[in-house]
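In what follows, every chain begins at residue 1, and chains take the letters A, B, ... in the order their sequences are listed. Since the model is a prediction, treat every value here as computed from it, not as a measurement.
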2 protein chains.
Amino acid sequence: MITIKDIAKEAGVSEGTVDRVLHNRGGVSKKTEAKIKTILDNHNFTVNPIASALAMKNKYSIAALIPEYNDSDLFWKAPYSGIIKGTEDVKTFGIKVNIFTFSQNTPNSYINTFNDLLDTKPSAVIMVPNFSEETEQIVSQLEASDIQYLFLNINIEGFNNIAFVGQDAYMAGYIAGKLMYLSSNKTAEFLIIQTRYNITKNNAISDRIRGFNDYFLKNNIQSDINTLKIENLNDSLETKEKINDYLVKHPETKGLFVPSSRIHVVVASLEKRDLQDIELVGFDNTPQNISCLLNDSVSFLISQKPFDQGYESIRLLSDYLLKNEIQSNMLYLPIDILTKENVRYNERNEFMYLDT
Amino acid sequence: MITIKDIAKEAGVSEGTVDRVLHNRGGVSKKTEAKIKTILDNHNFTVNPIASALAMKNKYSIAALIPEYNDSDLFWKAPYSGIIKGTEDVKTFGIKVNIFTFSQNTPNSYINTFNDLLDTKPSAVIMVPNFSEETEQIVSQLEASDIQYLFLNINIEGFNNIAFVGQDAYMAGYIAGKLMYLSSNKTAEFLIIQTRYNITKNNAISDRIRGFNDYFLKNNIQSDINTLKIENLNDSLETKEKINDYLVKHPETKGLFVPSSRIHVVVASLEKRDLQDIELVGFDNTPQNISCLLNDSVSFLISQKPFDQGYESIRLLSDYLLKNEIQSNMLYLPIDILTKENVRYNERNEFMYLDT
DNA sequence: ACATTTTTCGTGTGCGCACACACAAAGGTA
DNA sequence: TACCTTTGTGTGTGCGCACACGAAAAATGT
């Protein structure tokens with residue numbers, strides 16, 4: 001590993017001078033500055049973040065504002081785990097991470113939790129902009145405090161977030177269309193199951209639906225796709241009734257597309273016979289969904305790689321804090337196709353950091 | 001933050017003694033040890049990992065022995081890149097990495113390169129056991145020098161390698177079978193294209209073929225699968241002739257399965273008409289193969305995540321050297337299903353570290 | 001020419017820990 | 001008693017960097 005001392009020796013100056021150009025402290029003549037800079041990037045020099053952290057005595061902290069998870073909705077456990085792993089990786093660089101979770105359904109919780117977060121005066125923030133109006137409030141406070149922020153999983157336009165880490169929802173839906181088409185024997189009579197929650201709050205869902213439909217449009221495939229709106233997927237009675245009603249009226253339906261992470265709820269409300277005849281494609285590798293994959297109820301799941309989202313967010317923000325650079329401001333993670341057969345190899349990290 | 005010095009002062013001993021009980025180095029009287037220990041957990045003391053990392057600055061080195069890549073076979077560029085990225089991550093812990101590449105077809109190169117490697121006296125080795133007999137030689141030398149080694153990408157039984165990082169080839173083939181079945185409209189008249197090289201040297205290939213066939217067996221799908229052996233896939237004349245010969249005799253063939261990374265060669269030797277009518281499924285996200293995906297010649301590729309293989313190998317060995325523990329001795333990476341649509345999101349890392 | 005300001009640069013110290021080394025006291029052997 | 005071994009403990013150095021301090025060199029003023 002090449003050190004400041006090495007650079008200084010090669011440039012024929014002292015370590016202090018190299019330090020000055022490294023941190024743009026000024027007070028260095030043009031000539032020597034230029035000389036040092038070329039040597040610096042000849043060697044591709046980066047400061048040793050460990051030594052740096054030690055000398056600076058822990059300057060940075062990252063705060064994360066994400067939805068909480070519970071037994072019935074485990075999706076957010078994975079980003080949480082990813083953040084924990086990232087935290088492990090960067091704590092030797094003197095970067096502390098604090099995670100704040102809010103209730104996914106109550107805007108107030110979002111705001112209140114954020115206020116707690118702000119009290120800790122973080123150097124940068126990872127946040128899931130779950131509610132658009134409240135996000136505007138939050139962002140304006142962040143910008144007033146000159147704190148950089150990154151959007152995780154959900155992307156909303158019109159903000160100065162330093163980056164977005166997540167998935168291309170449109171393309172993920174498009175691929176879902178392809179998988180549906182293939183697994184249903186290249187027929188095209190499908191049903192999309194949407195919930196009220198999806199409709200209003202989360203435009204990733206509508207992007208997925210758009211992508212799904214576009215697959216058939218762009219490939220000139222004659223299709224017959226309907227949408228069924230269900231108020232509350234957690235209301236199993238309503239869900240069961242509406243879906244089965246529909247299926248009785250449309251017995252030729254070959255596939256169900258559930259553009260949210262709650263396909264396991266749909267599975268639970270389907271008749272056995274329908275489960276066999278109809279192909280299901282959905283999103284997200286939550287434990288419940290994975291069981292549905294494994295017992296052949298669901299044909300394909302598309303994973304957003306939520307663990308990686310958490311992990312990469314931390315790494316990205318750390319790089320920003322330490323080196324003042326961002327590798328990418330739109331970090332689209334892979335669109336992961338899960339089947340019964342490969343799913344177990346994708347679970348390695350997801351839940352390993354939170355066994356308690 | 002409470003430091004070792006503080007503890008020492010409170011216990012009325014020197015920092016060295018505190019250090020001894022912290023690391024169970026022994027040579028401390030029962031009495032003072034007990035005293036220090038209570039003070040330690042009265043204050044809930046944990047060592048500052050930053051200072052610790054800096055002070056340890058182990059002078060470990062990892063050597064990697066992997067096949068070289070060239071313009072016609074770029075597969076090994078990705079593990080190389082992954083290793084480079086891993087190197088970046090661990091260099092601050094005082095771990096150096098040296099990469100040695102050998103010619104994939106000449107056992108002598110394997111041995112000779114290894115000897116160069118051994119001269120650098122590495123603390124641990126990442127190797128691709130490309131030739132079984134020669135691997136025995138190499139391994140015995142490593143064991144004589146008491147150097148731990150890890151197998152990357154290719155797994156051979158019967159050695160004391162500390163771990164294997166790669167893919168479950170059987171299951172990958174099994175999934176290839178599924179994808180082939182789905183994309184060919186659930187018919188099952190396929191051809192597997194094998195080369196001499198595959199047959200003798202690399203049992204990952206035969207595992208894939210086994211998995212491919214098993215998909216149809218285990219799911220009770222009537223299938224008609226033949227195998228075509230081609231001496232040298234680089235001989236485009238032979239390849240073209242044999243394949244087209246076969247296809248003329250078996251016009252009902254619905255799919256070609258190429259269990260190696262050289263599906264692009266097969267594509268190049270197919271007639272346009274056949275390319276349209278026949279589904280191709282192959283392995284590995286090399287640039288050539290990806291072009292075939294993008295121009296619709298190939299339906300699916302299964303990626304071994306070669307970049308991650310390199311990266312994870314470094315991380316795994318580093319953990320071993322630093323903490324003397326291994327998280328897993330069989331690290332099966334995800335079986336990545338690539339399509340025209342999602343491939344671009346999977347390329348982020350693959351070739352970014354070697355633009356030169 | 002000299003004094004004074006400004007620019008440019010080198011030196012020294014400490015961050016908290018790991019680890020090699022030195023060294024004293026206590027115990028054992030002939 | 002003289003000598004050696006064992007046990008227990010303190011000291012010193014370096015990891016690579018950030019940053020304060022001070023000093024030399026150059027520029028400016030009189």
Identified side chain to side chain contact (heavy atoms under 4.5 Å, CB included) partner of B:F100 from the options B:L118, B:L117, B:V125: B:L117
Distance test, side-chain N/O of B:K57 to OP1/OP2 of C:dC19, below 4.0 Å: no
B:I50 CD1 to C:dA18 C1', straight-line distance once rounded to whole Å: 16 Å
Phosphate contact (C:dC19 OP1 or OP2) by B:R25 side-chain N/O below 4.0 Å: yes
Length of the line joining A:I2:CD1 and D:dC15:P, which is rounded to integer Å: 15 Å
Between D:dA18 (P) and A:I4 (CD1): distance, integer Å: 5 Å
B:K305 side, atom NZ; B:N153 side, atom CG - distance, nearest 0.5 Å: 14.0 Å
Non-hydrogen atoms of A:E136 and A:F159 that approach each other most closely: CG-CZ, 3.6 Å
Atom pair distance, as rounded to whole Å: CZ in A:F93 and P in D:dC17: 13 Å
Atom-pair distance (CD on A:E15; C1' on D:dC17), nearest Å: 9 Å
Side chain of B:V13 (C-beta onward), nearest among D:dT9, C:dA18, D:dG10: D:dG10
Under 4.0 angstrom between B:T17 side-chain N/O and D:dG10 OP1 or OP2: yes
B:F151 ring center within less than 6.0 Å of B:F164 ring center: no
Comparing B:K59 and B:G12 on DNA chain D - which has the more 5′ nearest nucleotide: B:G12
Atom pair distance, as rounded to whole Å: NZ in A:K30 and C1' in D:dA26: 17 Å
Side chain of B:D19 (C-beta onward), nearest among C:dC17, D:dA18, C:dC19: C:dC19
Separation of C:dG10 C1' from A:K5 NZ (nearest whole Å): 15 Å
Point-to-point distance, once rounded to the nearest 0.5 Å, from CG of A:N42 to CD of A:E10: 7.5 Å
Donor/acceptor link under 3.5 angstrom from A:R20 side chain onto base of C:dT8: no
Rounded distance (Å) that lies between atom C1' of D:dC17 and atom NZ of A:K9: 16 Å
side-chain N/O A:T32 vs C:dT8 OP1/OP2, d < 4.0 Å: no
Residue that, paired with B:Y311, satisfies side chain to side chain contact (heavy atoms under 4.5 Å, CB included) out of B:I83, B:D89, B:L333: B:D89
Nucleotide of C:dC9, C:dC15, D:dC19 approaching A:A55 most closely (side-chain heavy atoms): C:dC15
N or O in side chain of A:T3 less than 4.0 angstrom from D:dC15 OP1/OP2: no
side-chain N/O B:S14 vs D:dT11 OP1/OP2, d < 4.0 Å: no
C:dC19 phosphate, OP1 or OP2, under 4.0 Å from B:H23 side-chain N/O: no
B:G16 or A:A51, whichever maps to the more 5' nucleotide of DNA chain D: B:G16
